Protein chains: 2
Amino acid sequence: MTDAVPRPTLEAVAARAGVSRATVSRVVNGGDGVREPLAERVRRAVAELGYVPNQAARSLVTRRHDAVAVVIAEPETRVFADPFFALQLRGISKELTAHDNQLVLLLTEGRDDHARVARYLAGGHVDGALVFSLHLADPLPGLIHDAGVPTVFGGRPGWSDDGRAGADGGVVYVDSDNRGGARTAVRHLVDLGRRRIAHLTGALDQTSAVDRLDGYRDVMADVPGGNDPRLVVESDFTPAGGERAMRELLDRCPDVDAVFAANDLSALGALRVLRASGRRVPEDVAVIGFDDMLPVAEQTDPPLTTVRQDIEEMGRLMARLLLRGLPGARDRAAAPADPPPTGGVILPTTLIRRASA
Amino acid sequence: MTDAVPRPTLEAVAARAGVSRATVSRVVNGGDGVREPLAERVRRAVAELGYVPNQAARSLVTRRHDAVAVVIAEPETRVFADPFFALQLRGISKELTAHDNQLVLLLTEGRDDHARVARYLAGGHVDGALVFSLHLADPLPGLIHDAGVPTVFGGRPGWSDDGRAGADGGVVYVDSDNRGGARTAVRHLVDLGRRRIAHLTGALDQTSAVDRLDGYRDVMADVPGGNDPRLVVESDFTPAGGERAMRELLDRCPDVDAVFAANDLSALGALRVLRASGRRVPEDVAVIGFDDMLPVAEQTDPPLTTVRQDIEEMGRLMARLLLRGLPGARDRAAAPADPPPTGGVILPTTLIRRASA
DNA sequence: CTGAAAGCGCTAACAT
DNA sequence: ATGTTAGCGCTTTCAG
């Protein structure tokens with residue numbers, strides 16, 4: 001753990017190049033309006049000295065940080081149970097990196113952390129925030145909104161209708177087409193000739209779970225006997241939850257011939273219970289999941305038919321949207337902060353057919 | 001996406017409290033040597049104005065950032081296949097948060113990114129770095145070392161013996177007791193009366209895989225016929241790799257009666273092949289994994305006996321070590337940057353007995 | 001097109 | 001114990 005050595009300043013570069021600080025500054029920041037021979041001299045001096053601008057000094061005057069906070073509420077164990085989180089982060093990181101922005105990660109653990117995060121955001125340390133709002137009743141989105149930091153949400157926030165939103169044009173968020181994906185899945189089951197199609201829901205305090213349930217209902221409305229409430233069993237996105245729900249379902253409706261699980265993990269649990277009960281998949285009961293979590297979906301027995309969403313792209317898009325909405329993004333010349341798309345951007349999903357349905 | 005409003009400065013607080021900027025600064029930074037009535041007035045002014053210190057201005061003079069970079073080389077798909085990454089990050093985040101430090105996440109994708117990371121680190125944007133050095137031949141650790149930033153590595157770096165290290169007292173790293181854990185696992189198998197004990201290795205360009213293999217060999221040296229090279233099959237920490245390796249193993253040594261897999265994921269693959277081959281676990285072949293990745297280990301059939309490592313604690317410890325080595329950590333008074341523990345800190349592992357061995 | 005000069009908001013000597 | 005003052009390194013008018 002060596003100690004840092006003093007780094008060269010603008011001043012030093014200027015001296016070496018025989019110009020003023022202002023000129024060096026101009027060259028370093030894009031070099032408009034500096035004649036070529038001079039600019040070149042400066043560039044050489046920069047290289048020779050290994051000059052790197054002091055970001056603190058720069059921020060002090062520009063009031064920009066080229067940094068974005070990513071806020072993840074993580075009591076949500078689901079976040080850690082599947083690679084969702086990692087993929088999302090990867091997409092965000094790629095996009096931010098491409099635009100020379102830093103990623104400040106804020107993991108929150110509970111109510112006390114909310115205040116901390118709000119304070120940090122309000123403290124003007126970052127230019128914007130990417131927030132994953134996982135719960136319907138989460139106070140965080142509200143706090144963040146109040147902090148007045150440009151924000152893009154990951155996943156439809158559950159509070160889109162309360163007074164706060166819309167006040168200044170509404171929330172911006174990116175989400176998968178959960179409802180449409182669910183419809184596709186259930187329709188596929190119908191096309192397979194199944195009629196007793198059940199749904200194992202996700203945790204219903206998350207909009208994704210609600211939307212998938214809605215999609216299921218959309219299609220089942222047209223299926224004879226499709227509104228049998230016993231076919232919907234509430235679960236929670238986990239394998240254990242999937243097992244529990246599946247057992248319950250078998251109990252209620254032994255004649256079930258298809259299951260649409262809210263995600264791959266709960267499908268995994270369902271598969272296990274189905275096998276234990278002596279049912280064959282897909283012959284006796286067809287199963288479809290959601291997410292296309294590769295390590296899970298490809299490894300189940302039989303391999304899982306599922307609805308794929310492009311998680312990495314979600315992250316990427318969130319970052320892109322945020323950056324676009326920021327004033328004077330470094331690489332977009334003087335473009336005057338496009339009005340960010342209001343409301344949500346919905347990413348498509350695709351059905352991936354494997355063996356389970 | 002509201003625009004930020006101008007925030008109050010020290011000056012403003014000072015005016016309101018009827019004191020000088022210096023006094024406000026003192027109160028804000030711990031408030032030594034300010035008499036109570038005054039201090040209280042200042043605190044009230046701070047609260048009333050909603051004052052938050054401008055970090056850029058502060059960093060400019062203190063040369064501290066209260067921020068730490070976390071560098072993760074992520075071509076390593078493994079990082080994204082299991083929750084390892086997330087848990088590690090959680091531990092780090094908790095510890096950093098507790099000491100009022102920010103976490104800047106740097107995900108790297110390949111060689112081009114190396115330069116970028118090196119530049120960032122050398123640029124003095126953060127006080128230190130936490131680096132996960134996954135590959136034996138990774139150039140990143142060297143680059144980072146050259147950048148002269150205080151660093152703690154996650155996992156024993158593979159280059160501990162090359163010239164660079166040791167030059168200034170050696171690298172600091174945190175790792176699990178991979179070798180010891182492997183020994184415990186294999187010894188357990190021996191105690192169970194097994195003699196034809198095989199090992200499915202991890203990706204051998206990672207020190208963790210090498211160390212686990214060494215631990216296996218330590219114990220097998222004392223087992224009659226234990227040095228049969230056919231008992232060691234190279235694999236890669238993935239379920240698919242585990243399957244492949246297990247098939248190969250069954251081919252070479254149909255008489256195998258126990259398998260120590262380098263991690264839970266490859267154990268999962270092995271389990272599948274074992275079942276397909278008609279062998280019972282643990283009756284015919286006992287299986288042990290490594291990691292105790294709950295979602296995996298508890299869900300296999302049969303549930304997996306495995307070696308647990310406390311991943312979150314690893315992250316926490318890395319952060320603690322780094323912070324401790326930093327000059328003038330905000331909350332450790334004037335303690336003069338403890339000389340950081342040189343070399344590695346090894347965390348213990350425990351054998352978790354379930355049904356597979 | 002280039003340079004000189006004025007701060008950005010804060011901390012840390014140094015006075016008082 | 002409190003106030004005064006001098007920068008930290010940079011960008012940005014404003015002159016020339």
Side-chain angles (χ1 to χ4, degrees), chain A residues 4-43 45-46 49-67 122-125 127 327-328 330 334, chain B residues 4-43 45-46 49-66 122-125 127 327-328 330 333-334:
Chain A
V5 296
R7 300 190 297 112
T9 73
L10 248 203
E11 183 81 51
V13 178
R16 174 150 197 139
V19 299
S20 73
R21 278 172 11 213
T23 299
V24 178
S25 176
R26 289 185 186 108
V27 173
V28 169
N29 297 297
D32 325 313
V34 177
R35 246 189 280 265
E36 203 29 68
L38 249 202
E40 183 49 33
R41 272 228 312 279
V42 172
R43 271 185 236 106
V46 166
L49 262 34
Y51 169 76
V52 185
N54 180 321
Q55 181 63 40
R58 178 181 275 171
S59 291
L60 185 54
V61 35
T62 61
R63 284 134 196 305
R64 231 197 307 108
H65 299 87
D66 297 316
H125 301 285
D127 302 325
R330 178 177 298 283
Chain B
V5 297
R7 300 189 298 112
T9 71
L10 248 203
E11 184 80 52
V13 178
R16 174 150 197 140
V19 300
S20 72
R21 274 167 20 209
T23 300
V24 179
S25 176
R26 289 183 186 109
V27 172
V28 170
N29 297 297
D32 324 312
V34 177
R35 248 190 280 265
E36 205 26 69
L38 248 204
E40 183 49 31
R41 271 225 317 276
V42 171
R43 270 185 236 107
V46 165
L49 262 32
Y51 168 76
V52 185
N54 179 322
Q55 182 63 41
R58 179 182 274 170
S59 291
L60 185 55
V61 34
T62 61
R63 282 135 194 307
R64 231 197 304 111
H65 304 267
D66 297 315
H125 301 285
D127 302 326
R330 179 176 298 283

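Sequence lines set the chain letters: A, B, ... in the order given, protein chains first and strands last, and positions in each chain run from 1. Bear in mind the structure is a predicted one, so any value in this text is a computation, not a measurement. Heavy-atom basis, side chains included; hydrogens, waters and symmetry copies ignored.
Taking atom CG on A:Asn29 and atom P on D:dG9, their separation rounds to 17 Å, with Å as the unit. Protein atom CG of A:Asn54 is 18 Å distant from nucleotide atom P of D:dG7, rounded to whole Å. Here D:dT2 presents its P atom at 10 Å from CD of B:Glu36, a figure rounded to the nearest Å. Distance, B:Arg26 CZ to D:dG3 P: 8 Å, rounded to whole Å. B:Arg21 places its CZ atom 10 Å from the P atom of D:dT4, with the value rounded to the nearest Å. We find that CG of A:Leu10 is positioned 9 Å from C1' of D:dT11, with the value rounded to whole Å.
Across every non-hydrogen atom of B:Arg64 and B:Gln55, the tightest pair is O-NE2, 4.2 Å.
Considering only side-chain N and O atoms, B:Arg63 lies under 4.0 angstrom from the phosphate OP1 or OP2 of D:dG9. OP1 or OP2 of D:dT11 has at least one side-chain nitrogen or oxygen of A:Arg58 nearer than 4.0 Å.
Rounding to the nearest 0.5 Å gives a distance of 5.5 Å between NE2 of B:His65 and OG of B:Ser59.
A heavy-atom distance below 4.5 Å is not found between the side chains of B:Val13 and B:Thr9.
Counting only heavy atoms from C-beta on, A:Thr62 has its side chain closest to D:dT12 among D:dG3, D:dT12, D:dA6.
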Exercise. Does the salt bridge (charged side-chain N to carboxylate O under 4.0 Å, His left out) test come out yes or no for A:Arg43 and A:Glu36, once each step is laid out?
Worked result: CA-CA 10 Å; A:Arg43 271 185 236 106; A:Glu36 203 29 68; 3.5 Å; yes

Exercise. Yes or no on side chain to side chain contact (heavy atoms under 4.5 Å, CB included) for A:Arg16 and A:Val24, after CA distance, side-chain angles and deciding distance?
Worked result: CA-CA 10 Å; A:Arg16 174 150 197 139; A:Val24 178; over 6 Å; no

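With no hydrogens or angles considered, no side-chain donor-acceptor pair links A:Asn54 and B:Arg63 at under 3.5 Å.
Bracketed by its first and final contacts, the part of DNA chain C lying under 4.0 Å from non-hydrogen atoms of chain B reaches from C:dG9 to C:dA13 in 5' to 3' order.
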